[in-house]
Colleague: 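Pasting in a structure now, in structure tokens, and then I'll have a few things to ask.
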Amino acid sequence: MKNTKHIDIVGAGIAGLTTALALAEKGHTVRIFEQSPALEEIGAGLQLSPNATRIFDALGLRDDLAEVWYEPDHLQLVSGLSLRTLARLPVRAMSRDRWMAPYAVIHRARLQDVLLNASRRYSSIKFEFGKRIEAPASGGADVTVGADGVWSSLRRTVRGSAEPRFSGYAAWRATLPIAELPKSFSHTDVTALLGPGAHLVIYRIGSETINLVATIPEHRSEKGWNLKGDASRLLAAFKRWNASIGIVLAKAEWRHWPIYEVADASWRGDDNTILIGDAAHAMAPHAAQGAAMAIEDSCELASWLDRTDIETATALMRFEAHRRPRIRRVGQRGLLNKFAYQAMGPFRLGRDIVFTLRGGESLLADLDWLYGYRAG
């Protein structure tokens, strides 16, 4: 017999909206609290791998998203010093043929628009904007979901949770008109430029815009995101790279995102509170899986809460136990990517040889466990 639950969600970002849709699809009712008076267009590009896009397909969003995302042909691994291509990974073909879901890139705001519009089609999803929630709200909710990001206010109510810690890295983000990207850089692929101590990822979002994300080490931190920063620090990190990269970087207006992580700690609080996404396990973006892990959380939390054979508290406990090993493995993959992308000296030479000899299909096949994962 169906047991309809009433769920409060704190945060109307990607994690919160996807959770709301997954729960409403199963017949539950949802109330979303968002501290902003309206959702603003912030952020830049996202990479959505097949483990995330198949969830959107199951929610009936594939056609809506196909209008606003772009499917790159390849992921190129390129030396930032010589501009020599080390490997071309055929992500478009292998994603569709091997993992049966697309690999796409999209502006964060466009994804949020699609999720918000889809949520508004459900009478069982209600929104309360301009309301900051720091503890489970009154009103008889069966579960309160903290989807309010790395600086989660709800996390403070979860005993044994971890405070965000600075990773020692910052992401610098910018967009450029596609016409301003030199022809020596691909306009159809995701290009990861690898170099000593830093890396730069370039890809298109939409038909006319290029997204740039540079990850560099930093010795001091600021709390926040989408900050105005001194771009001279960024340019200095790439001054020994190929000169054409410096030219591209100098054209852009950059925003500064200090990277904070949330350590492996408790996600569950009293009164059936559960944290998901960055509120639970924020990780550095070296594996491009931050959004995907939040989307997986949303799908799997909805499945556990839909169970009628166990109590709600047990469902939350099992959800956390089920998700934790995967989050750890993805985090470890991110550390491996950081080491490989930013390798120096003999490690860099060895990396270049391995990438060149193995080839793109073989490198992608190593990610069956990641991209082939079916949440739910």
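Just so it is clear, the values below take in all heavy atoms, side chains as well, and ignore hydrogens, waters and symmetry mates.
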Colleague: Do L111 and W69 come close enough that some side-chain heavy atom pair is under 4.5 Å?
Modeller: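 Of all side-chain heavy-atom pairs linking W69 with L111, none is under 4.5 Å.
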Colleague: Identify whether the distance between the nearest side-chain nitrogen and carboxylate oxygen of E34 and K131 falls below 4.0 Å.
Modeller: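 Judged by the 4.0 Å cut-off on N to carboxylate O distance, E34 and K131 do not form a salt bridge.
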Colleague: With side-chain contact (heavy atoms from CB on, under 4.5 Å) as the test, pick out the partner of T144 among I7, I133, L154, N272.
Modeller: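 Per the side-chain contact (heavy atoms from CB on, under 4.5 Å) rule, the option paired with T144 is L154, out of I7, I133, L154, N272.
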Colleague: Indicate yes or no: does D113 engage R110 in a salt bridge with an N to O separation below 4.0 Å.
Modeller: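 Judged by the 4.0 Å cut-off on N to carboxylate O distance, D113 and R110 do form a salt bridge.
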Colleague: Would you call R62-D57 a salt bridge at under 4.0 Å N-O?
Modeller: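 The answer is yes: the pair qualifies as a salt bridge.
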Colleague: Going by distance alone, is a donor N or O of one side chain under 3.5 Å from an acceptor N or O of the other, for T273 and D271?
Modeller: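 No donor-acceptor contact under 3.5 Å links the two side chains.
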Colleague: Could you grab the distance from atom NE2 of H199 to atom CD of Q342, nearest 0.5 Å is fine?
Modeller: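 The CD atom of Q342 is 6.0 Å from NE2 of H199, to the nearest 0.5 Å.
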Colleague: Side-chain donor-acceptor contacts of residues 206-215 below 3.5 Å, not counting sequence neighbours, with atom names and distances?
Modeller:
residue	atom	partner	partner atom	Å
N211	OD1	G45	N	3.0
N211	ND2	Y203	OH	3.2

Colleague: Looking only at the side chains, is there a donor atom on one of W172 and E218 sitting less than 3.5 Å from an acceptor on the other?
Modeller: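 Present: a donor and an acceptor within the cut-off.
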Colleague: Output the distance between atom CG (D352) and atom OG (S82), rounded to the nearest 0.5 Å.
Modeller: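 One gets 7.5 Å once the value is rounded to the nearest 0.5 Å.
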Colleague: Looking at Y103, does the NZ or CZ of R92 lie under 6.0 angstrom from its six-membered ring centre and within 45 degrees of the ring axis?
Modeller: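 R92 over Y103 ring: no.
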Colleague: For K5, is there an ion pair with D306 - N to carboxylate O distance below 4.0 angstrom?
Modeller: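 Not counted as a salt bridge, because no side-chain N and carboxylate O are separated by less than 4.0 Å.
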Colleague: Angle class for the F166/Y260 ring planes (parallel below 30°, perpendicular above 60°, tilted otherwise)?
Modeller: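 If you compare the ring of F166 with that of Y260, the planes turn out tilted.
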Colleague: Heavy atoms, side chains only, cut-off 4.5 Å: are D148 and R155 in contact?
Modeller: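 The answer is no, as the side chains (C-beta and beyond) never meet within the 4.5 Å cut-off.
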Colleague: Would you kindly say whether S298 and T19 are connected by a side-chain donor-acceptor distance under 3.5 Å?
Modeller: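 Per modelled atom types, S298 and T19 side chains form a pair under 3.5 Å.
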Colleague: Please list all pairs passing the side chain to side chain donor-acceptor pair (under 3.5 Å) test where one or both residues lie in residues 275-290, with sequence neighbours left out.
Modeller: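 Applying side chain to side chain donor-acceptor pair (under 3.5 Å) to every pair that reaches into residues 275-290, excluding sequence neighbours, yields S49-Q289, N51-Q289, H281-D297.
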Colleague: First locate atom CG of L194, then atom CG of L86, and finally report the distance between them rounded to the nearest 0.5 Å.
Modeller: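 L194 CG to L86 CG: 6.0 Å, rounded to 0.5 Å.
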Colleague: Within this structure, what is the CD1-CG distance for the pair I9 and L301, rounded to the nearest 0.5 Å?
Modeller: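 One gets 8.0 Å once the value is rounded to the nearest 0.5 Å.
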Colleague: Would you say the side-chain atoms of N337 and R333 include a donor-acceptor pair closer than 3.5 Å?
Modeller: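 Looking only at side-chain atoms, R333 and N337 do form a donor-acceptor pair, the distance falling under 3.5 Å.
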Colleague: For the residue pair F127 and F129, categorise the inter-ring angle as parallel (less than 30°), tilted (30 to 60°) or perpendicular (more than 60°).
Modeller: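 Parallel.
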Colleague: Please determine whether residues V105 and V248 belong to a single hydrophobic cluster, defined as Ile, Leu, Val, Met, Phe, Trp and Tyr linked transitively by side-chain heavy-atom distances below 4.5 Å.
Modeller: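 No: no chain of side-chain contacts under 4.5 Å links V105 to V248.
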Colleague: In plain terms, say whether R132 and E134 are close enough for a salt bridge, that is, a side-chain N and a carboxylate O under 4.0 Å apart.
Modeller: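 Looking at R132 and E134, the cut-off is met.
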